[in-house]
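Nothing here was measured: the structure is a model prediction, and the numbers come from that model. Values reported hereafter were calculated over all heavy atoms of this structure, with side chains retained and with hydrogens, waters and symmetry mates removed. Proteins get letters first, then strands, A, B, ... in listed order; numbering begins at 1 in each.
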Amino acid sequence: MKPFSIYNTLTRKVEEFVPRHGRIVTYYSCGPTVYLPQHLGNLRAYVFVDTLKRALRFNGYDVRHVMNITDVGHLTSDADAGEDKIEKTARAEGKSPLAVAKYYTDQFKRDCARLRIELPPDEESITGAVRPPASILCRATNHIADMIGLIERIVRNGLGYVTASGVYFDVEKWRGPSGMGRLSRQSLTEQHAGQRLEHSADKRSPHDFALWVLNQPHHLMQWDSPWGRGYPGWHIECSAMAMRYLGETIDIHSGGLDHIPVHHENEIAQSEGATGQPFVRYFVHNAFLVGMEGAKISKSAGRFPVLDDLVAAAIDPLAFRLLCFGAKYRSELAFNLDAVRAAAKNLGYLQEFTRSLPESAIGADDAAWAAEYRERFHDALNNDLNTPVALAVMLELVAEANRRQDPRVWHTLNDFDQVVNLGLAHELRASREEATDARLQGLLEQREAARQARDYQRSDDLRREIEALGWEIKDTKEGPRITRRRGTP
RNA sequence: GGCGGCGUACCCAAGUGGCUAAGGGAGAGGUCUGCAAAACCUCCAUUCAGCGGUUCGAAUCCGCUCGCCGCCUCCA
């Protein structure tokens, strides 16, 4: 069995993963900024986070997962004269920033549920906890004090300076263990060779970044701080919340690869500037979903498709999950309707196989021939999360079971599904419940009697009647079998 | 201007020096079948954007060309 290995952006190599503390893995993943619905590209990132977590668990690790909800706004661009994204939506929708954040947070959680993405427990649902929970979904606005504390440490270490427009991190002075520019491989001078943005005149150096922003009276969300009323810089929330729940050095930090040059670079600088300790041991970045512009699925042109667009097209959200699983997290995934429909087909194949499993196969041990699939699946997973190969193994396992007419693979399949997470165990349970529905049984028996009597006219009429109730009939050697009609085309 | 990456069949997508270039979808044919569905079988890239080079051997390494994309610090 190969050990779990993952590509570490810090070293640009696939490395064997070894956590700091035995079987416990501390994991921080960048969460959403809640001012718009999450589009499919964003959701791919969260499917990846979920898959990484599950792959770690498959290897016996206990994952402590922290994910942030960015509910304090950051600026849309310099050109907007400092307009905050959340406040922009708030003004457009005539709501308060917090109401906007709540609305889109709820929508995000609903989308994750439909994709079977397991989020950490929401801090707002945790009550009366004496010690910090192992895993948590936490909001920036609930951790302002932590951020201020961290900024104070940075200032005390001589790495932050206060100006009229805010507190900035002094990049020139910092010489941390990881080194500025290490993630992006760009030296500071290289980064500014092509100067693009104007910067605040208060900054000592153009690449210094804000820890705390001051004197922005039009900004709706403001808090008191030792430096005056204002709001936190974009990067500080991740450092503060990661440290609050996971400690000063965390095992894994993940995010989209767009975060490499700025967000994560700055996170490292400010975190290590405060603690003097390495902040992250394995930095993991996922690639984008591309081609959404031409996907012809979003209702309004120019908008990236969202999960509701798939649902409206009668595509099971789990097909999207499987589509993501079918590509490596480090490769761009080209999205189009054909691709997601192909995934839907595979989803149906696995569900259909599961539903048709006989009790004897579920009660028995798996066939001996299934063992090699388990090893191949595990090796693929451990090889830098090679999920497309893992999926191939899963499909081949089912194909061989069908070919041999030997269905004794349920335990293996279900174990794979702890990572792929299509809810096959739920599918199995549902198929059992369906078969015991009394009213349907009556109709089915009538139809079967008609078939035996070769009264196919009546048989087909009854089929239509059953279908109208939302069920589908399949005639098998063992007799008719009904399943709930699915939205999958 | 800088940094990083991508281009494998009609579509999605593994493979990054050496068995016949994984797997899936679509397509074609077949078995089974009252019909339908499912399932299974067979076929489906002498070839990996193009051109050179290194090597006994390259989709995999090097160079150039073409095309595409992400990021560059108060930008998810």
Side-chain angles (χ1 to χ4, degrees), chain A residues 9 12 30-36 38-39 41-42 45 70 74-80 82 84-85 165-166 168-169 171 181 184-200 203 205-211 213 216 231 233-235 255-263 265-266 269 287-288 290-291 322-323 326-328 330-346 348-349 352-353 355-356 380 386-396 398-399 401-405 451 454-456 459-460 463 472-477 481 483:
Chain A
T9 308
R12 308 235 155 186
C30 285
T33 301
V34 281
Y35 67 105
L36 283 175
Q38 299 293 302
H39 62 243
N42 296 333
T70 300
H74 299 290
L75 307 180
T76 47
S77 79
D78 276 6
D80 285 333
D84 170 301
K85 288 174 191 158
S165 64
Y168 294 97
F169 186 86
V171 170
S184 65
R185 288 257 167 125
Q186 283 185 292
S187 71
L188 292 173
T189 40
E190 277 170 347
Q191 284 180 8
H192 295 282
Q195 81 328 7
R196 204 182 69 166
L197 294 176
E198 289 182 23
H199 59 270
S200 165
K203 292 205 289 189
S205 161
H207 38 255
D208 289 352
F209 55 90
L211 297 167
V213 181
Q216 295 276 337
Y231 59 93
W234 172 36
H235 316 294
L257 47 65
D258 55 321
H259 287 322
I260 294 172
V262 181
H263 184 49
E265 203 85 87
N266 292 347
F288 290 113
V290 299
L322 196 55
L323 175 70
K328 281 212 66 173
R330 287 201 285 129
S331 298
E332 281 184 348
L333 171 55
F335 177 83
N336 62 52
L337 274 180
D338 285 344
V340 77
R341 288 205 171 107
K345 203 90 177 178
N346 280 334
Y349 179 72
E352 173 61 23
F353 178 81
R355 285 193 290 250
S356 65
N386 195 331
T387 54
V389 167
L391 174 59
V393 173
M394 190 181 196
L395 292 170
E396 285 171 22
V398 171
N402 278 325
R403 192 179 314 126
R404 288 174 179 259
Q405 301 197 311
R451 285 187 72 220
R454 295 182 179 274
D455 182 356
Y456 295 124
S459 158
D460 288 349
R463 185 217 296 274
E472 208 167 341
I473 304 178
K474 286 173 184 174
D475 295 316
T476 70
K477 289 189 196 76
R481 195 161 58 77
T483 52

> Base, sugar-phosphate, or nothing: which does Leu395(A) touch, judged by heavy atoms less than 4.0 Å apart?
Replying inline: sugar-phosphate
> Looking for any heavy atom pair under 4.0 Å, which part of the strands does Gln405(A) touch: base, sugar-phosphate only, or nothing?
Replying inline: nothing
With sequence neighbours left out, write down each residue that passes side-chain contact (heavy atoms from CB on, under 4.5 Å) with [X], or none if nothing qualifies.
X         : value
Val34(A)  : Pro32(A), Ile69(A), Asp71(A), Ala101(A), Tyr104(A), Thr105(A)
Leu257(A) : Ile260(A), His285(A), Ala287(A), Phe288(A)
Ala339(A) : Leu323(A), Asn336(A)
Ala45(A)  : Asn286(A)

Please give the nucleotide sitting opposite [N] as a Watson-Crick or G-U wobble pair, both distances under 3.5 Å, or none.
N      : answer
U60(B) : none
C19(B) : none
A26(B) : none
A39(B) : U31(B)
C44(B) : none
G1(B)  : C72(B)
G67(B) : C6(B)

Identify, with sequence neighbours excluded, every residue that meets side-chain hydrogen bond (donor to acceptor under 3.5 Å, both in side chains) alongside [X].
X         : value
Gln38(A)  : Asn42(A)
Arg451(A) : Glu448(A), Asp475(A)
Asn386(A) : none

> Side chains of Phe169(A) and Asn266(A): does their closest heavy-atom pair fall under 4.5 Å?
Replying inline: no
>> Return a single string for nucleotides 6-17 of chain B, one symbol per nucleotide in 5' to 3' order, where B is base contact, S is sugar-phosphate-only contact and - is none, cutoff 4.0 angstrom on heavy atoms.
In response: -----SSSSS--
> What is the per-nucleotide protein-contact pattern of nucleotides 31-43 of chain B, from the 5' end, where B denotes a base atom under 4.0 Å from a protein heavy atom, S denotes such proximity for sugar-phosphate atoms only, and - denotes neither?
Replying inline: ---BBBBSSSS--
[M] and [N], which share atom name [atom1], separated by this distance in whole Å:
N      : M      : atom1 : answer
A37(B) : A28(B) : P     : 14 Å
U8(B)  : A13(B) : P     : 9 Å
U54(B) : G15(B) : C1'   : 22 Å
A9(B)  : A22(B) : P     : 14 Å
C19(B) : U65(B) : C1'   : 34 Å
U16(B) : A49(B) : P     : 15 Å
U20(B) : A45(B) : C1'   : 13 Å
A26(B) : C32(B) : P     : 22 Å

>> List the residues meeting salt bridge (charged side-chain N to carboxylate O under 4.0 Å, His left out) with Glu352(A), not counting sequence neighbours, and say none if there are none.
In response: Arg355(A), Lys474(A), Arg481(A)
>> Test of understanding: with salt bridge (charged side-chain N to carboxylate O under 4.0 Å, His left out), list the residues that count as partners of Arg403(A), not counting sequence neighbours.
In response: none
>> I need the Leu322(A) CG to Leu391(A) CG distance, nearest 0.5 Å.
In response: 5.0 Å
Give me, pair by pair, the N or O atoms of the protein and of nucleotides 66-68 of chain B that are less than 3.5 Å apart, along with how far apart they are.
none

> Parallel, tilted or perpendicular for His235(A) and Phe209(A), by the 30°/60° rule?
Replying inline: perpendicular
>> Can you measure Glu396(A) atom CD to G23(B) atom P for me and round it to whole angstrom units?
In response: 6 Å
